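Both backbone and side-chain heavy atoms feed into the values below; hydrogens, waters and symmetry mates do not. Quantities reported herein were computed from a predicted structural model and do not represent experimental measurements.
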Amino acid sequence: MAGQSAAVVAEEVEKLAAAASAPVPVRAMAKGEKAPKSLQANKLGKHPEATFIKVPHQTHTEQRLSVCSKLCFAIGGAPIQVAGSATAFFLQIYLLDVAQISPVPASVVLFVGKAWGAVTDPVVGFFITKSRWTKIGRLMPWMVGCTPFLVVSYFYLWFVPPFTSGRDIWYLGFYCLYQTLITCFHVPYSALTMFLSTDQRERDSATAYRMTFEVLGTLVGAAIQGQIVASAHTLKHCPHPNVSAGHLGNGSRAEVIKSLAATQDFLSHSRKVYMIAAGVIGGIFLICTTVMFLGVKEKDDPYGPRTEKPIPFHKGFVLVMKHGPYLTLTAAFLFISVAIQLVQSNFVLFCTYAVDLRDHFQNIVLTILMSAVVSIPFWQWFLQRFGKKTAAFCGITWMMPFTVMLVLIPNTVVAYMVAVSSGLSVAASLLLPWSMLPDVVDDFRLANPFSKGHEAIFYSFYVFFTKFAAGISLGVSTLCLQFAGYNTGACRQPPPVVYTLKLLIGAAPVAFIITGLMILLLYPISEDVRLRNKLALDELRLTSL
């Protein structure tokens, strides 16, 4: 039966290859024999022009993923975004106004934490490539094992210690620990996409499920954090501007004392609600990881011949870093992710101090994320209909005019209109890189058929570059607020701070997005190239089996 099945599949692959105008012949290669010229060209990221006739897509029964498996896989990624959304939107203002750390130490915490998280990505990727397969797979033990420690580190990240001196060291330590543990979860989880199925459409479908739940997780994180801690960012504790100790005599001293007492009570309340939010998000992490563990099965991919000796990590790293499509995709979305990070990290500060939207910021954030959740299926259809590169350009370009509009016309109606429109762009920026990265890995596999097991390098270094760039932008933006005269714990900020926040929300993200899209023009994997790679890899898998 197995021989007949393989023969039938081989016959189908030959028919598909014959239908293509420029098929790539791939055969079993003896060890040490050079790859065909077409494969060697792939190493440089160069592909001969080819026009493919669209053929009916067929998925082998054993490679199809059930809806339940896709849902469980997607649910596993949701808590990463729940926690990531909470830290992206609220950690900066929490350090400044609740933990009451001055901007310079706060910028050090944010930058070093992000940079440390970036450094740990390739380190974790290295150890994953050295991991052996177990009864539950090679990647699943990493995710299950780190989850309890991850929850504890996340909770203490939002806890204000009783001492005042050295608080910045406390938060730096727990932020670095949290970044390390979230890396131990995120790198194997993102690489798991390649071990769900060998079929590109099934992987794309699973990625769409994943992105839907991750955007939903971002929505849930912002909703939980925003609604629980919203009372920590009001003006109720601020004294009336007309009250002045200079001209109200003894009565004013009583008012000042009363105001100070109210401020301390308000600060205690703020710290309490942040801890409640941290506990709720930690519980979500435990539940979602359990669902993923029970519902997802990790499978190996026999895409190439087995070799007697595996290629060392450093040689695999050099091969990956020489692969042109990977470098282009990473560089493009590095700049785009920096733009998104700038908007996320400064949005609450912008609504609180730059425009009169402090009572609406949590609802505006929810509107953006709800729009993103709803638009994920649209972008999945769009990329299948018009191609992934076209979808990236259309979706991400859409964001630029609306961020500028929010800065120039800061009123409530415009803010909600901008929120709905920006959600479309946020969805595209989240879905497209993770949908395009498996195509880059397939392209690399075809160019290097004897080099297996480097998926973790692709995913870990992609996250490394984007995290490191985001950490630099976050640290620099906080320093800009310091230079502008940001007053920690103040009810209002001076005009230079307001102007700086407008630049960080409007002009800077637009500049980064334009740079990223210009780099993306050089991305070489078109839909024709993707189809050719699929046919060649299918033949390699049949040869391996």
Side-chain angles (χ1 to χ4, degrees), residues 79-118 150-161 167-183 186 217-218 220-230 232-233 267 270-282 285 337-338 340-353 361-362 365 369 467 470-482 486 488-489 501 504-505:
I80 303 174
Q81 299 305 320
V82 172
S85 174
T87 54
F89 282 111
F90 292 95
L91 184 58
Q92 186 177 27
I93 197 171
Y94 168 81
L95 293 175
L96 293 173
D97 289 355
V98 178
Q100 295 196 331
I101 299 175
S102 62
V104 172
S107 68
V108 172
V109 171
L110 294 171
F111 167 70
V112 174
K114 279 284 187 180
W116 177 259
L150 175 58
V151 172
V152 173
S153 66
Y154 180 80
F155 179 81
Y156 279 106
L157 181 61
W158 302 96
F159 174 76
V160 180
R167 275 184 187 173
D168 52 341
I169 303 300
W170 170 279
Y171 288 109
L172 179 61
F174 275 103
Y175 195 34
C176 289
L177 179 60
Y178 164 74
Q179 289 289 346
T180 301
L181 293 169
I182 201 72
T183 298
H186 186 248
T218 305
V220 170
I224 291 174
Q225 192 83 4
Q227 298 300 326
I228 293 178
V229 309
H233 302 288
L267 193 59
S270 300
R271 294 170 178 176
K272 185 182 296 184
V273 295
Y274 267 97
M275 289 176 61
I276 292 172
V280 172
I281 292 175
F285 226 115
S337 65
V338 166
I340 301 294
Q341 183 70 40
L342 278 175
V343 175
Q344 277 187 324
S345 59
N346 292 285
F347 187 77
V348 178
L349 286 169
F350 174 80
C351 291
T352 303
Y353 298 118
F361 75 83
Q362 68 270 25
V365 170
L369 297 176
K467 271 188 182 179
I472 293 176
S473 66
L474 192 56
V476 169
S477 68
T478 310
L479 283 177
C480 289
L481 294 176
Q482 167 72 18
Y486 187 90
T488 302
L501 286 170
L504 292 173
I505 287 290

Give the minimum heavy-atom separation between V82 and G217, together with the two atoms involved.
-> CG2-O, 3.2 Å
Taking all heavy atoms of Y171 and all of L157, pick out the closest pair and write down the distance.
-> CE2-O, 3.2 Å
Without swapping roles, check the side chain of T87 against the backbone of G84 for a donor-acceptor pair under 3.5 Å.
-> yes
Side-chain contact test, heavy atoms from C-beta onward, threshold under 4.5 Å: evaluate it for Y94 versus Q225 and give yes or no.
-> no
Heavy-atom pair with the smallest gap, counting every atom of I228 and V273 = CG2-O, 3.3 Å
Looking at Q92 and S477, what are the two nearest heavy atoms and their distance?
-> NE2-OG, 4.3 Å
Does any non-hydrogen side-chain atom of F111 lie less than 4.5 Å from one of L479?
-> no
For V160 and M275, run side-chain contact (heavy atoms from CB on, under 4.5 Å): C-alpha distance rounded to whole Å, both residues' side-chain angles, the deciding distance at 0.1 Å, then the answer.
-> CA-CA 9 Å; V160 180; M275 289 176 61; over 6 Å; no
To the nearest 0.5 angstrom, please state how far the CD atom of Q81 sits from the NE2 atom of H186.
-> 6.5 Å
Is there a side-chain contact between F285 and I182 (heavy atoms, below 4.5 Å)?
-> yes
Between CD1 of I93 and CG of N346, what distance do you get to the nearest 0.5 Å?
-> 10.0 Å
Of V152, V151, L150, the one forming a side-chain contact (heavy atoms from CB on, under 4.5 Å) with L181 is L150
Measuring from T183:OG1 to I80:CD1, what's the distance to the nearest 0.5 Å?
-> 10.0 Å
Looking only at non-hydrogen atoms, find the nearest pair between L501 and L349 and report the distance.
-> CD1-O, 3.6 Å
Looking at A106 and L96, what are the two nearest heavy atoms and their distance?
-> CB-CD2, 4.0 Å
Please work out whether the ring planes of Y154 and Y178 are parallel, tilted or perpendicular, with thresholds of 30° and 60°.
-> tilted
Measure up the F159 and Y156 rings against each other and bin them: parallel (under 30°), tilted (30 to 60°), perpendicular (over 60°).
-> perpendicular
Less than 4.5 Å apart, any side-chain heavy atom of W158 and any of F90?
-> yes
Min side-chain heavy-atom separation L481-P103 under 4.5 Å | no
Go through the steps for L95 and D168 under the test side-chain contact (heavy atoms from CB on, under 4.5 Å), then give the verdict.
-> CA-CA 9 Å; L95 293 175; D168 52 341; over 6 Å; no
Value for OG (S102) from CD (Q482), rounded to nearest 0.5 Å, stands at 6.5 Å
